[in-house]
2 protein chains.
Amino acid sequence: MNVRSEDLTARARIRDAAVARFGRDGFRAPVRAIAEDAGVSAGLVIHHFGSKDALRAECDAHVLRVIREEKSSAIAEKSPAETIGMLARVQEYAPLFAYIVRSLMDGGALAAHFVDGLMDDAADYLEAGEAAGTVRGSSDPRGRARQVVAAQVGLIVMAQLDAAAGRGVAPTDDPAKAIDELTSRTMLAGLELYTHGLFTDSRYLDAYRHFQQDKEKS
Amino acid sequence: MNVRSEDLTARARIRDAAVARFGRDGFRAPVRAIAEDAGVSAGLVIHHFGSKDALRAECDAHVLRVIREEKSSAIAEKSPAETIGMLARVQEYAPLFAYIVRSLMDGGALAAHFVDGLMDDAADYLEAGEAAGTVRGSSDPRGRARQVVAAQVGLIVMAQLDAAAGRGVAPTDDPAKAIDELTSRTMLAGLELYTHGLFTDSRYLDAYRHFQQDKEKS
DNA sequence: GCCACGGCTGAACACACGTTTAACGTAGTG
DNA sequence: CACTACGTTAAACGTGTGTTCAGCCGTGGC
């Protein structure tokens, strides 16, 4: 955690450099750039990992491992929003967050695992909320968890887009600042939405339920 | 719209082939593949557009143009969900949708414009709903629109991730089917969320409001 | 009929990468 | 000391890919 890069074995230094590079520049970042960051030759990178793809797989595994450690170390009373916010806020984890965002937008395997984890967390958290009486019941808890996580994922992707269009900070550049911008811009609306809902009555919901029933009959 | 590819000028054929290829395989698709799809040589692609990047810019412009036409031709009474659903359902527009999704995950400039458009639509739609009494008031209409669009964007991205992980259909492969899968899996939960909200009371919202007030004082 | 021109092609070029290879140095071991 | 093993490097290799080039072909104008 708090070891200096000098203390790490070359293999670990390459891995960390790769995570940082991939996070900042995306997965098209050249092996040579990663090697330079780690202070080694490009050949050594291949020597240790076999190929660039294998290096990326190792990065995936490493990121996933750190996430799991972080998760298990924190008692499971955190909300998914806090999980994300925490990951981004702690400056030490900024490279990890950037890497995850990249993986998200690349459609990588890690991203699928990551959102699965987010959904599990969200489902647990919502269930706990139900038990505590702060969260409403749902006829589709899994779908609701997906919905909640999707909103977070979408906000991150949109923040990345805004940054590419010259507005705001990219989550892959300065995760902490990006998350701050993001929450300050949508937190109020989001909480209002989650507190009062969007519609004034249940006619849309009823309409969909009837539509579903008709569908089953046919 | 309904012209056969034979009738199009080579330039237009290349453009259409590029949109389709980019949508299916992503922007790393080789120029030669696009050329082959269009039945021309790779050189001609460059001859007409100057460079691959310029070709992509042209594709962006074209997609944006078609979207605008489609939008203006439809009276502005459609919900954002319907806009997306319609885009994907109409099989003719499937390549466009795939292209947009790719642009979304690539962080392209088009994607930023596209979500801007979605947000404008959502804001209009919600405002109309407010006027009609079916949608609640909001203290941050813009933020709410962003929130609603983010949920949609997130669901699309997550569908793409699921497909990459071997679950479900990729929006870039079969947009119509992917959207169907997606709605069947989250529509009920989403409508419940938008109808009743997530929380049983306003304590989270109140807490955030107080937090904001305290922040302003200091 | 001939000329010019623009659409078009196939081959060649240039470059950026991932990967391979041969060699070097150094630490540990008999 | 010799020898092996391993971490490491610089240079070379091969390939995929964007782009350029020289020329072909058909069409319209004089």
Side-chain angles (χ1 to χ4, degrees), chain A residues 3-62 99 102-103 105-110 172, chain B residues 3-62 99 102-103 105-110 172:
Chain A
V3 287
R4 287 267 156 270
S5 54
E6 309 298 329
D7 304 335
L8 295 171
T9 150
R11 197 188 150 90
R13 239 183 317 138
I14 293 169
R15 194 228 306 124
D16 288 355
V19 169
R21 259 288 163 185
F22 283 148
R24 209 170 326 123
D25 298 353
F27 294 106
R28 277 172 300 186
V31 171
R32 287 163 163 83
I34 296 169
E36 196 176 350
D37 290 350
V40 301
S41 71
L44 191 63
V45 175
I46 302 297
H47 171 71
H48 275 306
F49 297 91
S51 74
K52 185 184 182 180
D53 280 347
L55 168 60
R56 178 176 169 182
E58 200 98 349
C59 290
D60 277 13
H62 177 247
Y99 184 92
R102 283 282 178 223
S103 182
M105 307 199 65
D106 184 72
L110 167 71
T172 49
Chain B
V3 287
R4 288 267 156 269
S5 55
E6 310 298 329
D7 303 335
L8 293 171
T9 149
R11 195 187 151 90
R13 238 182 320 137
I14 294 170
R15 193 231 303 127
D16 288 354
V19 169
R21 259 286 165 188
F22 283 148
R24 210 173 322 125
D25 299 352
F27 294 107
R28 277 172 299 186
V31 171
R32 291 183 224 276
I34 297 169
E36 196 175 350
D37 290 349
V40 300
S41 72
L44 191 64
V45 176
I46 302 299
H47 171 71
H48 274 306
F49 296 91
S51 75
K52 185 184 181 180
D53 280 347
L55 168 60
R56 178 175 169 183
E58 200 97 348
C59 289
D60 278 13
H62 178 246
Y99 184 93
R102 276 264 125 80
S103 182
M105 307 200 64
D106 184 72
L110 167 70
T172 49

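Spacing between atom NZ of A/K52 and atom P of C/dC17 amounts to 8 Å, rounded to whole angstrom units. The CZ atom of A/F27 sits 20 Å away from the C1' atom of C/dA16 (whole-angstrom rounding). Distance CZ (A/R56) to P (C/dT19): 14 Å, rounded to an integer number of Å. Regarding A/R28, its CZ atom lies at a distance of 14 Å from the C1' atom of D/dT17, rounded to whole Å. Protein atom CD1 of A/I34 is 12 Å distant from nucleotide atom P of C/dC17, rounded to whole Å. Atom CD1 in B/I46 sits about 6 Å away from atom C1' in D/dT19, given to the nearest Å. Residue A/E36 contributes atom CD, which lies 15 Å from atom P of C/dA16 at whole-angstrom precision. Per the geometry, CG belonging to B/L55 stands 14 Å off C1' belonging to D/dT19, to the nearest Å.
Each of B/L55, B/V19, B/D16 was checked for a side chain to side chain contact (heavy atoms under 4.5 Å, CB included) with B/I34, and the lone residue meeting it is B/L55.
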Donor-acceptor contacts, no H, no angles, side chain residues 35-52 of chain B, under 3.5 Å, sequence neighbours left out:
| from | atom 1 | to | atom 2 | distance (Å) |
| --- | --- | --- | --- | --- |
| B/D37 | OD2 | B/R21 | NE | 2.6 |
| B/S41 | OG | B/L44 | N | 3.3 |
| B/S51 | OG | B/D53 | N | 3.4 |
| B/S51 | OG | B/A54 | N | 3.1 |
| B/K52 | NZ | B/F27 | O | 3.1 |
| B/K52 | NZ | B/A29 | O | 2.9 |

What does the list of N/O pairs under 3.5 Å between the protein and nucleotides 7-12 of chain D look like, with a distance for each?
| from | atom 1 | to | atom 2 | distance (Å) |
| --- | --- | --- | --- | --- |
| D/dT8 | OP2 | A/H48 | NE2 | 3.3 |
| D/dT9 | OP2 | A/S41 | N | 2.8 |
| D/dT9 | OP2 | A/S41 | OG | 3.1 |

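Comparing the start and finish of the helix from C/dG1-D/dC30 to C/dG30-D/dC1, five pairs each, the helix axis swings through 20°, to the nearest 10 degrees.
The shortest distance between side-chain heavy atoms of A/Y99 and A/L110 falls below 4.5 Å.
Taking CD from A/E58 and CZ from A/R15, the interatomic distance works out to 7.5 Å, rounded to the nearest 0.5 Å. The CZ atom of A/R102 lies 11.5 Å from the CZ atom of A/R56; values are rounded to the nearest 0.5 Å. Considering CZ of B/F22 and OG1 of B/T172, their distance stands at 14.5 Å, rounded to 0.5 Å.
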